[in-house]
Structures are given as C-alpha cells and as structure tokens.
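Worksheet: one structure, shown below.
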Amino acid sequence: MRFGAVLRLLTAALLLTFAAAVAVPALAQQQVNPTAQAVQERQFLDALKNNPQAELQGRISIPDQRAATLERPAGRDWRAFHQGTMLRITAIGILGMLAVLVAFYLIRGRVRTEAGPAGRTLTRFNGFERFMHWLTAACFILLALSGLNVTVGKHLLLPLVGPQAFTNLSVAAKWAHNFLAWPFMLGIALMFVVWIKDNIPNMVDIRWFLAGGGIVGKGHPPAQRFNGGQKALFWVVVLGGAALSVSGFFLIFPALAGGVLNLQFWNVVHGIVSVLIIAAILGHIYIGTIGMEGAFDAMGSGEVDLNWAKAHHSLWVEEEMRKGQVAPGGPRLQPAE
Ligand code: HEM
C-alpha cells in the first residue's frame with residue numbers, strides 16, 4: 001500500500017513536471033508572440049502618425065513623467081533623418097564643393113594680378129580686423145571638424161583608428177565643440193559690427209555679378225571694399241552663424257528648448273546650416289589661398305599690393321585715395337580693367 005501511494009505521488013509529480021514543461025514555452029510564446037506585437041505596434045504608430053505631437057504613454061511610478069513615453073513617431077523620423085538624410089546632405093555638400101573647386105582650378109587656374117606688383121602697398125585690414133577674422137576662422141575649423149565627427153565619424157574615423165582612440169577623440173571633440181562655440185559667436189558678432197557698413201548690397205554688386213565677378217570671363221568689374229561675392233559670404237556667415245548659435249545654444253542646454261520635438265527641430269537646423277556654411281567657407285578658403293594671387297596678404301600682413309587692390313577693388317582704392325590713405329606720388333589710378 002505504502003509503495004502504491006509513493007508510486008502514485010511520483011507519477012503525479014512526473015505528470016506535473018511534464019505539464020509545466022509544456023505549458024511554460026506555450027505561455028512564453030503567447031507573451032512574446034512577435035507577429036501579434038508587431039501588428040499592434042504598427043497600429044499604434046499609424047494612429048499616432050498624423051499628429052507630430054502625438055506620443056504613446058505608459059504608466060510609471062517615478063516622478064519624471066517624461067520616462068512614461070513609450071512611442072513617439074517623430075523620434076523615429078528624426079533618427080532616420082540623422083542617420084540617413086543628414087549623411088547624404090553632408091556628403092553632397094562637402095564633396096560636391098571640393099569637386100567644383102578642383103574643376104574650377106583645373107579650368108580657370110589661379111587668378112593672377114595681370115599688371116604685376118606695383119611695389120607699393122596699402123592697408124586692407126587693421127590688426128583688430130585680422131584678430132577677429134582669425135579668431136572666428138580658427139574656432140570655425142575646429143567646430144567644423146568636431147561637428148562632422150558626430151555625423152560621419154563612425155563611418156570614416158572609427159574604422160581607421162579603432163574604438164578606443166575613436167572614443168577618446170570623440171570625447172575631446174565634444175568638449176572642444178561645446179567650448180569653442182562661445183569665442184566663435186563672439187567672432188561672428190564682432191565681424192557683424194565692424195564690417196556691416198561695407199556689406200550693404202547695392203547696384204555695384206549687381207553689376208559685379210552680371211559681369212562674372214572677374215572670376216568667370218575676362219577683366220575685373222569695379223568693386224567697393226567688398227565685392228558682391230564677398231558681401232554674399234558675409235551674410236551667409238552672419239545669418240548662418242546666428243542660426244548655428246541659436247540652435248547650438250539649445251543643443252547645449254536642452255532643458256531650455258521647450259520639449260524634445262523642439263530639440264529635434266534645432267538639431268536639424270544645426271546640421272543643415274553647418275553643411276551650407278562649411279561648403280561656402282571651403283570656397284572662401286580656396287579663393288583666399290591658392291585661388292587668387294595676392295589675396296592671402298590681406299589677412300596675413302594686412303597690406304595688399306596697390307595693383308592687386310586696383311584690379312579687385314577699384315572703387316575702394318579711389319575712396320582710400322580721396323581719404324588720403326594712399327600716399328600721393330604713387331602710380332596714377334588706372335581703370336580697373
Ligand atoms: C583657413 C581659413 C581661412 C582663410 C585662409 C581665409 C582667408 C581670408 C582672406 C584672404 C580674406 C580677405 C579677402 C580680401 O581681402 O578681399 C578673408 C576675408 C573674410 N573671411 Fe576668411 N579665411 C578663412 C576662414 C574664414 C572663416 C572660417 C570665416 C567665417 C566663418 C571667414 C570669414 C571671412 C569674412 C566674412 C571675410 C570678409 C569678406 C570676404 O573677404 O569674403 N574666413 N578671409
């Protein structure tokens with residue numbers, strides 16, 4: 001009898017174990033049924049899709065209510081933009097500009113001062129102007145490189161230097177980016193205040209553009225202290241710099257942006273505007289160095305050759321002569337062409 005009871009107990013235990021073994025996977029399968037869940041998630045996303053503010057909230061017991069967000073379709077759109085569209089915009093903007101510059105150099109060559117050096121110079125930029133230019137330029141180059149690391153670093157740099165070096169470099173780049181933003185903003189503000197008087201567009205600039213700016217075609221159309229192309233760059237730098245400053249400010253202080261959707265907006269603005277400015281500045285660096293003979297002196301020593309100035313900024317030279325900035329007794333003014 002005793003043996004029979006033990007046997008019944010053992011059989012029951014075995015049956016129970018077997019039932020549990022069969023039941024647990026069945027239960028688990030029900031909980032993580034992938035098809036059913038994906039369908040439900042898609043339905044949720046479809047329902048939320050037409051309202052960019054929409055989000056699916058769960059219930060939480062911690063004070064930070066933002067942690068309750070389960071789904072926000074706008075977040076997926078932003079990620080797709082950041083990891084796809086933004087990469088393409090960056091590649092097209094920067095590589096496209098480099099290709100244009102190489103083609104331009106091969107076709108047009110270096111813009112020379114046809115009259116040769118006059119041997120007399122005049123001051124184009126004073127010490128303070130050069131300081132603010134190089135302050136802005138140095139910050140901009142480091143900001144551009146450290147910012148580009150966020151967009152393309154893991155595709156270009158990571159495979160080259162490996163994960164450890166990439167991590168160290170990216171941490172340093174992030175600090176550099178956050179701190180150099182401030183002197184950059186100062187530089188842009190100084191440029192705006194000091195140079196705005198010479199950068200108001202007028203008819204001279206329209207005629208300068210219509211004549212090809214002395215870059216396309218022959219001869220140099222008359223120009224004031226800054227020609228039409230330089231004025232365009234000035235406004236790209238000032239307005240683009242302002243857009244980068246405002247958007248960057250919210251990226252540094254996200255709590256002030258007024259919600260994650262605003263933050264996504266500023267992030268998109270920051271990315272697109274920086275590519276536009278970087279492309280414009282690549283063109284500017286080209287023309288300020290190898291693209292045009294004599295141009296670098298203007299920002300290097302601050303002094304330019306009189307014949308260079310007459311060729312590229314004839315109206316400015318006339319004005320400087322009237323003001324007595326160019327000593328009398330020098331070569332007579334020739335027509336700019
Ligand atoms: C290596 C980098 C750079 C070089 C070699 C360079 C060179 C020059 C040169 C030679 C000039 C004087 C042009 C003239 O006399 O007519 C100039 C002017 C100027 N630069 Fe730069 N620059 C650089 C970077 C930058 C950056 C990063 C910015 C702004 C973010 C900038 C903004 C300006 C502006 C607004 C002017 C006055 C308008 C103009 O000449 O286009 N530069 N630069």
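Each ligand, and each atom within it, is numbered from 1 in the order the structure gives.
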Quiz item: Should E320 and K323 count as an ion pair when the cut-off is N to O under 4.0 Å?
Solution: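 Answer for the salt bridge query: yes.
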Quiz item: Among I285, I287, I281, I290, which residue places a heavy atom closest to atom 30 (C) of ligand 1?
Solution: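 Residue with the shortest heavy-atom distance to the ligand atom: I281.
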Donor-acceptor side-chain pairing of [X] and [Y] below 3.5 angstrom:
| X | Y | result |
| --- | --- | --- |
| N267 | W78 | yes |
| N202 | Q224 | yes |
| N149 | S170 | yes |

Quiz item: Between W182 and F253, how do the two ring planes meet: parallel, tilted or perpendicular, split at 30° and 60°?
Solution: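 Correct class here is tilted.
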Flag [X] as yes when one of its N or O atoms lies below 3.5 Å from any N or O atom of ligand 1, and as no otherwise.
| X | answer |
| --- | --- |
| T136 | no |
| W195 | no |
| Q230 | yes |

Exercise. Could you grab the angle centred on atom 21 (Fe) of ligand 1, going from NE2 in H133 to NE2 in H284, to 10°?
Key: 170°
For [atom], what's the nearest protein heavy-atom neighbour? Residue, atom name and distance, please.
| atom | answer |
| --- | --- |
| atom 32 (C) of ligand 1 | M191 CE, 3.7 Å |
| atom 15 (O) of ligand 1 | R124 NE, 2.7 Å |
| atom 9 (C) of ligand 1 | M299 CG, 3.4 Å |
| atom 12 (C) of ligand 1 | F125 CE1, 3.6 Å |

Could you list the atoms of ligand 1 found under 4.0 angstrom from a heavy atom of [X]?
| X | result |
| --- | --- |
| T289 | 5 (C) |
| H313 | 16 (O) |
| A295 | 10 (C) |

Quiz item: For ligand 1, does A137 get within less than 4.0 Å through its side chain, its backbone, both, or neither, judged by non-hydrogen atoms?
Solution: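 Both backbone and side chain of A137 come within 4.0 Å of ligand 1.
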Quiz item: Where does W134 meet ligand 1, judged by heavy-atom distances below 4.0 Å: at the side chain, the backbone, both, or neither?
Solution: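 Looking at W134 and ligand 1, just side chain atoms fall under 4.0 Å.
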Quiz item: Quick one: does NZ or CZ of R124 land under 6.0 Å from the six-membered ring centre of W316, within 45 degrees of the ring axis?
Solution: yes
Exercise. Might you work through the ring pair (Phe, Tyr, Trp, His ring centres under 6.0 Å) test for W195 and F125, ending with a clear yes or no?
Key: CA-CA 11 Å; W195 281 341; F125 295 113; 5.5 Å; yes
Exercise. Please find out if less than 6.0 Å separates the ring center of F226 from that of W208.
Key: no
Practice problem: Without swapping roles, check the side chain of S314 against the backbone of A311 for a donor-acceptor pair under 3.5 Å. | Solution: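 Between the backbone of A311 and the side chain of S314 there is no qualifying donor-acceptor contact (under 3.5 Å).
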